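Working notes, structure below.
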There are 2 protein chains.
Amino acid sequence: MTRPPRRARAVDVAAHAGVSVATVSFVVNGKAEGRVSPATRQRVLDAIAALGYVTDASARALATGRRRQVALLAHDMTNPFTAQVAAGAAAGIAEATGGTGHLLLLLGSDESGPDVEPVGAATVDGVLINYPGTLPAGRPDLPVVHLDDPAAGGHQVSMDVEVGARELARHLAGLGHRRVLHLGTPRPWSTFAQRRDAFTAELLALAPGAVVLDDRCDIDLAAGVQLAADHAQRWLADGVTAVVAATDLQAIGVLAGLAAAGVPVPGRLSVAAFDDIPFAAVATPPLTTVALPARELGRRGAVLLAGVIAGDRSEPGEPVVLPARLVVRDSTGPAC
Amino acid sequence: MTRPPRRARAVDVAAHAGVSVATVSFVVNGKAEGRVSPATRQRVLDAIAALGYVTDASARALATGRRRQVALLAHDMTNPFTAQVAAGAAAGIAEATGGTGHLLLLLGSDESGPDVEPVGAATVDGVLINYPGTLPAGRPDLPVVHLDDPAAGGHQVSMDVEVGARELARHLAGLGHRRVLHLGTPRPWSTFAQRRDAFTAELLALAPGAVVLDDRCDIDLAAGVQLAADHAQRWLADGVTAVVAATDLQAIGVLAGLAAAGVPVPGRLSVAAFDDIPFAAVATPPLTTVALPARELGRRGAVLLAGVIAGDRSEPGEPVVLPARLVVRDSTGPAC
DNA sequence: CTGTTAGCGCGTTCAA
DNA sequence: TTGAACGCGCTAACAG
């Protein structure tokens with residue numbers, strides 16, 4: 001058993017400061033108040049600095065039962081939206097624990113979906129879930145916060161996707177669009193169903209004769225490009241004047257595919273989507289999209305999770321719903 | 001001290017199977033061969049399944065000295081290139097440890113830079129570094145692998161950025177460009193310096209009278225847009241016919257800024273860069289860029305790190321250098 | 001082939 | 001105000 005060379009341990013600090021390990025523990029954990037004299041405390045602090053002592057996370061976890069780690073489960077962190085959620089979650093964790101404390105652990109950085117084994121192994125105190133999957137059994141009461149999954153029970157923070165979808169429907173209806181293609185995804189996420197349903201309902205309400213057709217492709221650039229290249233002519237033949245994608249990534253791909261196919265946007269076809277990732281603003285043409293606060297989603301989720309872990313609120317309160325709003329840019333125009 | 005309700009422990013499994021904890025430990029860790037009879041082994045396996053037992057990661061880490069976690073230090077995983085590196089690293093870790101084992105821990109998901117505290121706290125067995133920063137003291141011999149940092153010592157995997165840069169120089173020189181603007185970054189990364197120097201050297205070698213001007217901006221879309229909007233006219237006035245950015249992100253921003261300013265690309269100005277993130281292919285016009293294998297960089301780095309941790313090779317061998325190649329698309333054309 | 005037992009480093013109760 | 005001692009769950013010598 002090769003073991004890394006010894007770092008300073010609490011015993012060493014204790015010896016160096018001429019106190020017991022208990023005292024060291026107290027000052028390290030901020031429980032010195034009324035238990036350790038200021039002078040002693042300082043001696044311990046000096047010893048810690050001198051020895052470069054850092055509490056061993058594993059030992060502490062074993063002793064306290066808290067890992068100081070939380071996981072963010074997502075299916076693909078290569079997706080800009082997910083990356084923003086993660087960045088927000090990291091910020092939220094730092095914020096909620098005072099910087100020093102829990103840290104963020106990303107699983108499933110790939111399309112293959114998260115490896116949830118660590119969750120079962122009690123590597124984490126809680127989980128932020130941003131994909132519809134199942135947790136490993138064996139940890140039934142692990143604190144969990146669902147992100148952007150309105151259908152999930154329990155603690156959750158989501159976004160007012162419906163409001164945004166309706167705003168988009170109004171925008172398009174006002175532009176005269178009556179036949180729009182909705183580009184969904186093969187993934188059964190409740191948020192996507194919600195986007196589609198709210199959009200459709202509002203469009204039909206505003207324009208009774210309107211028709212919403214359906215198509216779908218994976219959430220990635222290449223899939224969008226391919227789909228548009230293959231289906232653009234059919235869409236046009238079907239009388240479609242606008243396509244609404246579930247995500248910006250798909251829409252940006254579609255934009256590229258349409259450009260390659262020589263279909264003018266928004267001249268011949270309007271394109272809109274959801275998310276407002278940074279690339280949406282620099283697409284050609286700049287993409288009209290329902291801006292979803294990804295970063296804030298992650299941040300709020302992390303703060304909520306930290307609260308649940310700390311025991312602030314064990315009962316799932318009102319789900320947190322973040323605002324979404326339509327950002328009109330140049331990819332949408334009057335129906336032709 | 002509130003403690004989560006008890007999950008099954010090794011003792012429970014042992015009791016359930018009518019064996020000792022040692023036996024349980026052996027079968028759990030795959031060391032049953034020649035020590036535990038197949039029948040006993042099966043009994044233990046059944047007990048594990050029945051009880052839903054999962055080894056506690058903290059306890060195991062404390063006992064073995066290995067955390068089964070590695071960290072990837074990066075400054076912003078919101079950057080598509082970084083995200084790919086991370087995805088590759090996750091795959092590499094899984095590959096090197098047989099899937100069940102080390103997991104990836106991302107730090108510094110933000111622009112603020114990584115929070116290296118966990119490294120000091122011995123939360124990880126090794127570190128993958130993708131930014132020029134310092135590790136916390138106190139862990140002098142922690143296994144480290146540098147990614148895309150040719151100037152770093154020790155174990156490292158990088159990319160043949162120089163070859164790519166020279167190829168780009170040849171491409172541009174062949175197109176008649178003699179005055180090109182190099183768009184660098186404020187960050188002192190050795191890889192960026194290398195990109196610039198190799199490009200410049202080759203261009204001057206091919207076209208003795210050529211001039212490479214300098215400008216710089218942060219590695220993000222908005223910075224590129226802003227810079228182009230502000231400086232495009234000056235660049236043109238200076239006789240610049242091509243701009244080479246250190247990263248695709250900057251270039252894509254520049255493309256958008258140029259479009260807004262009404263400067264035709266590649267008609268009036270050619271634009272090229274490094275990385276080949278997925279968005280480069282769908283930019284308008286599609287971006288000519290030096291493709292850098294981000295995913296493979298992460299994967300190889302992880303595999304190498306796993307090897308170092310396992311003790312396969314403690315001496316930094318030949319640095320791994322991955323190939324880079326120029327991908328010519330439509331953003332570059334003849335100098336005007 | 002299987003069981004016993006001593007740590008791993010830290011947190012915390014209890015006694016001093 | 002401080003120190004001694006036990007337990008967290010697991011691994012791995014060492015006995016048997």
Side-chain angles (χ1 to χ4, degrees), chain A residues 1-15 17-44 47-48 51 53-68 120-123 125 138-139, chain B residues 1-44 47-48 51-68 120-123 125 138-139:
Chain A
M1 191 169 91
T2 331
R3 180 178 298 287
R6 294 164 89 83
R7 299 159 37 231
R9 292 163 306 168
V11 215
D12 304 324
V13 176
V19 299
S20 74
V21 286
T23 306
V24 173
S25 177
F26 285 141
V27 344
V28 165
N29 296 300
K31 297 181 181 170
E33 212 57 46
R35 295 155 118 4
V36 179
S37 70
T40 318
R41 191 181 115 84
Q42 193 52 52
R43 280 216 315 286
V44 174
I48 288 176
L51 272 45
Y53 169 77
V54 183
T55 303
D56 182 279
S58 299
R60 165 187 274 154
L62 187 56
T64 61
R66 315 219 83 88
R67 273 62 199 171
R68 299 203 179 192
T123 297
D125 294 330
R139 303 207 60 193
Chain B
M1 190 169 90
T2 331
R3 180 178 300 284
R6 293 164 91 83
R7 298 158 39 230
R9 292 162 306 169
V11 216
D12 304 324
V13 176
H16 190 103
V19 299
S20 75
V21 287
T23 306
V24 174
S25 178
F26 284 140
V27 348
V28 164
N29 296 301
K31 297 181 180 170
E33 212 58 44
R35 294 155 121 2
V36 179
S37 72
T40 315
R41 190 182 115 85
Q42 193 52 53
R43 281 217 314 286
V44 174
I48 288 176
L51 272 43
Y53 169 77
V54 182
T55 304
D56 183 279
S58 299
R60 164 185 276 153
L62 186 56
T64 61
R66 316 217 84 85
R67 267 90 266 244
R68 298 203 178 190
T123 296
D125 294 331
R139 303 207 59 190

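Every chain is numbered from 1, with letters handed out A, B, ... down the list of sequences. Just so you know, these numbers come straight off a predicted model, no measurement behind them.
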I need the CZ-P distance between A/R67 and C/dG9, as an integer number of Å.
17 Å

Ignoring backbone atoms, test whether A/T40 places a side-chain nitrogen or oxygen under 4.0 Å from the OP1 or OP2 oxygen of D/dT2.
yes

Using heavy-atom distances to pick each residue's nearest nucleotide on DNA chain D, tell me which of B/V21 and A/A59 is more 5'.
A/A59

Let's see if you can work this out: which of C/dT2, C/dG3, C/dG11 has an atom nearest to the side-chain heavy atoms of B/A22?
C/dG3

Ranking D/dC10, C/dC10, D/dA4 by distance to the side chain of B/D56, first place goes to D/dC10

Verify the contact: side-chain N or O of B/R60 to OP1 or OP2 of D/dT11, cut-off strictly under 4.0 Å; return yes or no.
yes

Within this structure, what is the CD-to-C1' distance between B/Q42 and C/dT2, rounded to whole angstrom?
18 Å

How long is the straight-line distance from NZ of B/K31 back to CZ of B/F26, given to the nearest 0.5 Å?
8.0 Å

Would you indicate what B/V19 reaches in the nucleic acid, counting non-hydrogen atoms under 4.0 angstrom: base, sugar-phosphate, or nothing?
sugar-phosphate

Could you work out which one of D/dT2, D/dT11, C/dC10 sits closest to the side chain of A/R9?
C/dC10

N or O in side chain of B/K31 less than 4.0 angstrom from D/dT11 OP1/OP2:
no

Please state how far atom CZ in A/R43 lies from atom C1' in D/dG3, giving the value in whole angstrom units.
14 Å

So does B/T64 get a side-chain nitrogen or oxygen closer than 4.0 Å to the phosphate oxygens (OP1/OP2) of D/dC10?
no

Are the side chains of B/R60 and B/V28 in touch, meaning some heavy atoms are under 4.5 Å apart?
yes

Provide, to the nearest angstrom, the distance between the CZ atom belonging to A/R35 and the C1' atom belonging to D/dT2.
10 Å

Starting at OG1 of B/T55, measure out to CZ of B/R9 and round the result to the nearest 0.5 Å.
13.5 Å

Rounded to the nearest angstrom, tell me the gap between atom CZ in B/R68 and atom C1' in D/dG9.
14 Å

Once you round it to whole Å, what is the distance between C1' of C/dG9 and CG of A/L51?
15 Å

If you define the side chain from C-beta out and look only at heavy atoms, does anything of A/T123 sit under 4.5 Å from B/R68?
no

Report yes if at least one side-chain N or O of A/T23 is closer than 4.0 Å to OP1 or OP2 of D/dG3; otherwise report no.
yes

Out of C/dC8, D/dT2, C/dT12, minimum distance to the side chain of A/V36 belongs to D/dT2

If you check the A/F26 side chain, which of C/dT13, C/dT4, D/dT11 turns out closest?
C/dT13

Let's see if you can work this out: which of C/dG11, D/dT1, C/dT13 has an atom nearest to the side-chain heavy atoms of A/S37?
D/dT1

Would you please confirm or rule out a distance under 4.0 Å between OP1 or OP2 of D/dC8 and any side-chain N or O of B/S58?
no

Starting the side chain at C-beta, find the nucleotide from D/dC8, D/dT2, C/dT12 nearest to A/A63.
D/dC8

When you measure from the side chain of B/R67 to the backbone N and O of B/D125, does any donor-acceptor pair fall under 3.5 Å?
no

B/T55 has a side chain; which of C/dC10, D/dA5, D/dT11 sits nearest to it?
D/dT11

